[in-house]
Structure formats: structure tokens, C-alpha cells
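Following: one structure in C-alpha cells, then a few remarks.
The structure displayed is predicted, hence computed values, not measured ones. Whatever order the structure lists them in is the order used to number ligands and atoms, beginning at 1.
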Amino acid sequence: MRKKIVAGNWKMNKSLDEGLALASEVVNIVNDELTNDAIAVLCTPFVHLSAVSKIVAGSDKVFLGAQNMSEHASGAYTGDISADMLNSVGASYVILGHSERREYHNESNAQLASRVDVALEKGLTPIFCCGESLEIREAGTHVEFVSNQLKESLFHLDAASFSKVVIAYEPIWAIGTGVTATSAQAQDMHKALRDVLAAQYGQEVADGTTILYGGSAKPANAPELFAQPDVDGGLIGGASLKARDFVDIIKSY
Ligand code: 13P
């Protein structure tokens with residue numbers, strides 16, 4: 001059975017104190033209320049990782065993730081953060097290729113392929129983001145576009161390595177806009193991507209791959225999204241900044 005994951009992408013939000021309070025609240029509510037087998041991942045800003053790590057340390061349900069990572073091991077890369085650094089502060093997941101990174105920092109599929117390699121080599125689980133713009137959706141080429149993102153960044157991996165990757169489908173037109181993909185649109189895309197994975201790696205690997213949905217997910221729409229057979233969880237932006245909403249989303253399995 002594939003893992004059910006709900007990851008909170010805090011993006012560039014929360015001071016350290018606010019972040020610590022949010023993480024503590026999430027851990028407390030999860031401990032008190034979460035009875036299903038989903039896990040939570042808190043993807044905090046880099047500067048919060050070390051401190052949040054101590055808060056999630058004892059939990060077997062809440063884990064720590066970063067929002068990005070360099071493909072380089074170390075050296076003269078001002079402002080960048082390496083996989084070893086992430087490991088040293090207790091992160092076990094790393095978001096790679098978020099559309100905001102692709103758009104504002106020109107991250108390419110080829111560069112992301114290198115980052116995926118480094119993350120896997122260093123024992124971090126990549127949450128690899130893919131997704132199309134509204135223009136591409138309206139042109140009807142979204143499946144092709146997103147499949148190509150997977151091909152160019154992931155399909156150099158052998159099946160054993162690929163099996164360690166989590167995929168997050170985030171249609172750009174649904175991110176932070178309040179416009180969620182309908183559950184049917186999410187299911188259609190997730191199923192199409194799983195078929196692409198099956199063609200590349202075989203049905204067993206495809207069936208074992210966790211594919212998250214992201215884009216204006218909230219407690220009100222999560223139950224219907226998560227009820228879709230190919231939607232295995234969520235990558236949550238805005239709603240992950242409120243502990244109650246975030247845990248309610250995780251509980252909606
Ligand atoms: P929102 O949930 O705020 O739409 O953000 C989604 C997202 O980009 C998560 O990575």
C-alpha cells in the first residue's frame with residue numbers, strides 16, 4: 001500500500017517563534033486526534049528547520065522537510081543549502097521543483113534531475129513537484145506537459161531509486177488562487193500520471209508511488225480530493241499555516 005502523506009509547505013511565512021508555535025500545535029493535535037495511517041510533513045523555511053526538528057523529534061506521525069536544496073555538495077554557492085546540511089538538522093523530506101522555484105528562480109527540469117539524484121543519494125525523500133499553467137490547461141496539453149516534467153527530471157532513475165520519490169501534482173492555476181482543481185480533474189491527472197509511470201517502470205512501481213495533490217486544498221475540499229483512488233494526499237500551502245485546518249485536512253482520509 002502506498003504511503004498517505006499530507007505535507008505543509010509554509011513557503012516564506014512565519015517568524016521563528018510563530019513557526020515553533022505552529023509546529024507544536026500541529027504535533028499536539030496530531031497526537032490527540034489523528035487515528036488514520038497518514039503522516040504529516042512540515043516543510044518549513046530553512047532557518048526554522050533546526051528548531052522545528054526538536055519539536056517533531058519524538059513523533060512517528062510528523063516529519064520535517066525543506067522547500068528546496070542545492071544540487072551541489074558544498075562550496076562557493078552563496079545562499080544555497082546542501083543535502084548534508086538538511087540531514088544535519090533532521091530533515092527527511094525535500095520539496096524539489098515547486099512551480100514558484102521554477103518561475104522565480106528558473107529551475108529547469110535538468111537541474112531538478114540532479115537535485116533528485118543528490119537527495120536520493122543522501123537519503124532524503126524528494127517531493128517532486130509538477131504542474132501546468134492555465135494556458136497549457138486551456139490548450140489541452142496538460143498531460144503531455146506534466147509527463148514531460150517527470151520524464152526529464154525522474155526517468156533517468158532506475159526503478160529502485162524511483163520508488164523512493166513522492167510526486168506532487170500542483171496545477172499552477174490552482175495555487176494560492178482559491179480555485180481548486182475539481183476532484184475529477186485531480187483524479188484524471190493523477191491517473192494519467194500513474195499510467196505514464198506504469199509505462200516506464202511497470203504497474204507495481206506505479207501503484208506504489210505516492211502522488212499528492214496541491215493547489216487551494218483546504219478542510220472543506222480535502223475529503224472529496226482524498227477520496228479519489230489515485231490521490232494519495234496533499235501538498236498544502238495556505239491552509240498549512242493554521243494547525244487546526246492542516247490537521248483537519250490530514251484527518252479527512
Ligand atoms: P495553496 O495551498 O496555498 O494553494 O498552495 C499550494 C502549494 O503551492 C503547496 O506547495
Would you say the side-chain atoms of Ser70 pair up with the backbone N or O of His72, donor to acceptor, closer than 3.5 Å? yes
4.0 Å heavy-atom contact, Ala174 with ligand 1: yes
For Gly238, the atoms of ligand 1 under 4.0 Å from one of its heavy atoms are 1 (P), 2 (O), 3 (O)
Touching ligand 1 at all, Lys218? Heavy atoms, strictly under 4.0 Å? no
Salt bridge (Lys or Arg N to Asp or Glu O under 4.0 Å) between Asp37 and Lys4, worked out: CA-CA 7 Å; Asp37 57 358; Lys4 295 178 179 128; 3.3 Å; yes
Output yes when the distance from some N or O of ligand 1 to some N or O of Glu100 is under 3.5 Å, and no in every other case. no
Ala239 N/O to ligand 1 N/O under 3.5 Å: no
Which option, Ser99, Gly178, Ser216, owns the non-hydrogen atom nearest atom 1 (P) of ligand 1? Ser216
Ligand 1 atoms nearer than 4.0 angstrom to some heavy atom of Gly237 are 1 (P), 2 (O), 3 (O), 5 (O), 6 (C), 9 (C)
What part of Asn9, side chain from CB on, backbone N/CA/C/O, both or neither, has a heavy atom under 4.0 Å from ligand 1? side chain
So if I count the atoms of ligand 1 from 1 in the order they appear, which ones are less than 4.0 Å from some heavy atom of Gly176? 1 (P), 3 (O), 4 (O)
Describe, in one word, how the ring planes of Phe162 and Tyr201 are oriented to each other, choosing from parallel (under 30°), tilted (30 to 60°) and perpendicular (over 60°). parallel
I would like to know whether Asp232 and Arg194 meet salt bridge (Lys or Arg N to Asp or Glu O under 4.0 Å); could you show each step before the answer? CA-CA 12 Å; Asp232 308 312; Arg194 208 177 297 286; 2.9 Å; yes
Taking 4.0 angstrom as the limit and counting only heavy atoms of Glu170, give me the atoms of ligand 1 inside it, by number and element. 6 (C), 7 (C), 8 (O), 9 (C), 10 (O)
Give the atom numbers and elements of ligand 1 that come within less than 4.0 Å of a heavy atom of Gly215. 4 (O), 6 (C)
Which word best sums up how the rings of Phe226 and Tyr253 line up, parallel for under 30°, tilted for 30 to 60°, or perpendicular for over 60°? parallel
Within this structure, what is the NE2-CD1 distance for the pair His142 and Ile136, rounded to the nearest 0.5 Å? 10.5 Å
Among Glu71, His105, Arg101, find the one that has a side-chain hydrogen bond (donor to acceptor under 3.5 Å, both in side chains) with Gln111. Glu71
Verify same cluster id: Tyr93, Ile81 (apolar side-chain graph, 4.5 Å): no
Tell me the protein heavy atom at minimum distance from atom 5 (O) of ligand 1, and give that distance in Å. Lys11 NZ, 3.3 Å
